[in-house]
Novice: 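The structure follows.
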Amino acid sequence: MQRRTLIKAAALGAGAVAAGAARSFAQPAIAFDSDDWVPARAVPTILVGCGRQGRTILTELADLGAATIVAICDPVLSRRRSALRRAPGAAEYDDLEAALAAHPDAEVVIVATSSHRHADPVVMALENQLAVYCEAPLATTEADLQRILAAEKNSFAALHVGMQGRTNPLYAHARDFLRSGAIRDLVSFDAVHHDKQSWTAPARDPKDAEALNWRLDPALSLGLAGEWGVHQFDVFHWFLSEYPTAVRGRGSIQLHKDGREVFDTVHLELEYPGERLLTWEGTLCNSFGKRAEVFCGTAGTIRLAQDAGWLFKESDAPTLGFEVYAGREHFHDEEGITLVVDATKLAAQERLKEGVGLQRSPLTFALESFYKGLEAGTDVEVSGEEGARAVRVAMAACQAVRSGERIEIDVGD
Amino acid sequence: MDDLVLTLSARAMGTRFELVLVAPGARGLDAAARQRATSQLRAAGEAALEQIHDTERRWSLFLSTSRLTRLNQHGHETPLVLDEDDLELWSTVLEVHAASGGAFDPDVARAMHAAGFHDQPDRRAELGPRPELDEQPVRAAELKLQGRHLSLTAPGPCLDLGGVAKGHALDRAGRELSEAGVTCALLHGGTSSVLAIGAPPGQAAWQVRAPLVDPQGDTQGELTIALCDVALAASRSDSQRNAVGTGHILDPRTGRALAAATSSLVLAPSAALADAWATALCIDPTRRAAAEAMGAEVLAPSLADRPTTTSQAGRYEIPSPPAPSTPLPPQSPPCNVEP
């Protein structure tokens with residue numbers, strides 16, 4: 001069934017610019033070739049949720065050129081004002097319903113509200129046959145997941161969940177690499193997300209404080225496992241084509257002893273078939289290592305860190321060929337061979353060592369995947385079903401941390 | 001204690017940013033209320049630090065994913081669409097460039113790279129796939145700002161916003177703090193860019209000391225500058241040196257190092273403007289009038305030019321320099337900030 005409602009429209013001139021006198025000064029010249037996707041047009045888009053992530057999305061969309069933000073929605077005035085600095089000319093509304101009434105031309109809704117409030121705008125947009133990009137986690141309760149999946153099933157519009165690993169070209173490259181047997185048999189996995197911050201949000205108006213600090217409300221938030229872990233759990237789901245069957249966890253408050261109940265440090269052990277474990281640690285108390293996923297195999301280890309990745313070979317591993325030409329980085333006494341997107345092409349141009357790191361952010365690639373899919377009429381790369389599976393793992397992890405018990409995981413069909 | 005004082009810091013743009021935040025009038029608050037006030041102050045500070053990190057993500061020469069890298073590599077094909085913050089930054093860049101007669105010019109990445117200032121193991125400049133590392137800039141393309149669209153008329157720029165980005169980051173952070181209701185704060189990036197919001201409770205201004213250093217690197221006294229709702233930038237051409245001893249501020253008009261060590265100290269309504277003019281006046285001190293025409297106030301256009309008068313309007317005071325003190329090493333930060 002073709003579920004895309006967007007049609008390829010007349011191209012908006014890529015070089016179109018607003019009127020105004022040009023100011024200029026001289027610059028030097030070097031050449032660079034580009035394989036970037038150029039959108040056929042800028043799709044009328046509504047953003048729901050103008051917090052930090054929503055505002056980041058606005059910046060990325062401006063670079064992508066795939067969207068025209070016609071409206072922004074958020075009940076908090078200060079957030080709308082901040083968002084309007086990034087989307088000048090957009091109309092502002094408290095909620096999506098008002099925006100939809102005023103903008104019947106809108107074709108896409110991006111949902112970046114607090115996680116427990118994703119379901120209402122996602123369902124409303126899908127019922128109005130508007131394509132939806134929803135940040136992860138898709139929801140925080142099974143009831144909301146069921147509402148969303150039902151709406152997705154009954155809609156002709158697409159739902160893309162913002163789990164960025166699946167649309168990150170470096171991760172896609174590493175996945176192909178891993179699945180080709182480059183590190184042989186997988187032994188164990190681990191992932192970390194360290195970011196020293198309080199998880200509190202400033203509220204100029206005290207009446208907004210509670211709503212803005214939903215992450216610290218255990219009744220609303222899945223905690224670190226739900227907000228951060230869900231993205232990394234999905235990386236392992238995608239790489240392994242397997243889901244964990246059970247989870248154990250522990251949590252504690254190590255730094256932010258401000259009366260909060262949501263743990264600032266969480267450790268998880270997720271059980272995979274074959275007696276393999278994924279260990280995951282998230283903390284708000286330390287920033288070392290930032291965010292990374294590690295796959296340990298009998299012939300080597302792959303470490304991924306969003307915009308960079310490395311292969312660490314075991315001493316008895318066979319030569320793969322490409323590593324002779326690849327760049328290397330040293331981590332204490334380990335040597336990491338840098339994983340590079342389009343390595344073959346770059347090698348042919350003798351530019352392999354230049355290709356370290358992504359040229360754009362993982363979020364940009366996620367948004368590009370969404371809009372590109374809409375334009376081409378292809379299936380989304382991160383479906384609602386995969387989003388729901390990741391949430392179910394996160395919900396089980398959250399339950400394990402709170403109860404201290406081993407929780408069986410059923411990710412659904 | 002009458003006031004809550006919170007200090008937060010972050011590493012960004014190859015330096016350390018620090019925020020000193022004050023919530024006046026905490027006397028009489030019970031423990032819970034005090035905890036809430038502290039949490040709100042921390043939340044505002046973290047949001048401000050996020051603005052600094054976001055500025056780095058957008059405009060760092062050393063990040064492959066930054067907008068600056070995108071502009072350098074693809075600006076001739078696809079214009080960047082600027083938001084309000086970006087527009088403020090690039091308007092400042094273009095206006096100071098024009099007013100300084102090219103003394104301020106972000107087109108220095110190629111020359112900086114050639115001079116060895118990018119040879120740091122943890123900082124890899126994204127100059128493009130095949131940069132031609134000539135010392136002399138090649139004036140072959142134009143940077144154009146039309147409405148909100150920033151583009152290049154031909155391929156090949158190597159822009160580096162090192163002379164203005166820290167100030168821009170402070171401006172964004174300061175705005176975030178103000179929107180969160182913070183009325184008293186001092187922010188600095190690497191101590192050379194400073195932004196004062198309000199003044200400490202019971203005081204007229206924040207006190208900032210700036211040492212005066214002669215061409216031999218010896219301290220010849222210091223300025224104590226009082227800041228209130230104003231930005232300060234200090235620049236010294238040889239505060240960083242490459243392997244052969246060349247100072248890190250290059251003249252973009254020639255692509256070469258300055259003949260002699262210079263420094264500047266500039267006050268301005270925005271930290272980006274102060275930063276840009278501090279850099280420009282290090283290169284060409286004769287542009288002082290142009291800086292002042294844009295609202296900047298030049299405290300020390302060169303090492304030999306020390307202010308001796310009290311500034312107008314009572315916004316800040318410049319006492320006479322004290323007696324010479326212990327010489328500072330050449331790479332000492334140009335300002336010492338005292339909350």
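Naming: A, B, ... by sequence-line order, numbering from 1 per chain. This structure is a prediction, so every number in the text was calculated from the model and none was measured.
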Novice: Contact between B:Glu179 and A:Arg81 at the side-chain level, heavy atoms closer than 4.5 Å - yes or no?
Specialist: no
Novice: Are the charged groups of B:Asp85 and A:Arg55 less than 4.0 angstrom apart, N to O?
Specialist: no
Novice: How long is the gap from CD on B:Glu46 to OG1 on A:Thr200, to the nearest 0.5 Å?
Specialist: 5.0 Å
Novice: Between B:Asp86 and chain A, which part of the residue has a heavy atom less than 4.5 Å away: side chain, backbone, both or neither?
Specialist: neither
Novice: Return the minimal non-hydrogen interatomic distance between B:Ala43 and A:Pro202, and the atom names on each side.
Specialist: CB-N, 3.4 Å
Novice: Which atom names give the shortest non-hydrogen contact between A:Ala201 and B:Gln40, and what distance separates them?
Specialist: O-NE2, 3.4 Å
Novice: Within a reach of under 6.0 Å around CZ of A:Phe288, are more than 12 heavy atoms found that belong to other residues, nucleotides or ligands?
Specialist: no
Novice: Could you tell me whether A:Glu261 atom CD has more than 12 heavy atoms of other residues or ligands within 6.0 Å of it?
Specialist: no
Novice: Rounded to the nearest 0.5 Å, how far apart are CD of B:Gln35 and NZ of A:Lys257?
Specialist: 12.5 Å
Novice: To the nearest 0.5 Å, what is the distance between CD on A:Glu60 and OG1 on B:Thr65?
Specialist: 8.0 Å
Novice: Would you mind checking which part of A:Asn213 comes under 4.5 Å of any heavy atom in chain B, side chain (CB onward), backbone (N, CA, C, O), both or neither?
Specialist: side chain
Novice: A side-chain contact here means heavy atoms from C-beta on lying under 4.5 Å apart; do B:Arg57 and A:Ser361 qualify?
Specialist: no
Novice: Using a cut-off of under 4.5 Å for heavy-atom pairs, which of B:Glu176, B:Arg36, B:Glu50 has the most such pairs with chain A?
Specialist: B:Glu50
Novice: Is there a side-chain contact between A:Thr59 and B:Asp83, using heavy atoms and a 4.5 Å cut-off?
Specialist: yes
Novice: Is it the side chain or the backbone of B:Arg11 that comes within 4.5 Å of chain A heavy atoms, both, or neither?
Specialist: neither
Novice: Work out which heavy atom in B:Ser178 is nearest to a heavy atom in A:Arg204; give both atom names and the distance.
Specialist: O-NH1, 3.0 Å
Novice: With rounding to the nearest 0.5 Å, note down the distance linking CZ in B:Arg42 to CD in A:Gln197.
Specialist: 11.0 Å
Novice: Got a salt bridge between B:Glu88 and A:Arg85, using NZ or NE/NH1/NH2 to carboxylate O under 4.0 Å?
Specialist: yes
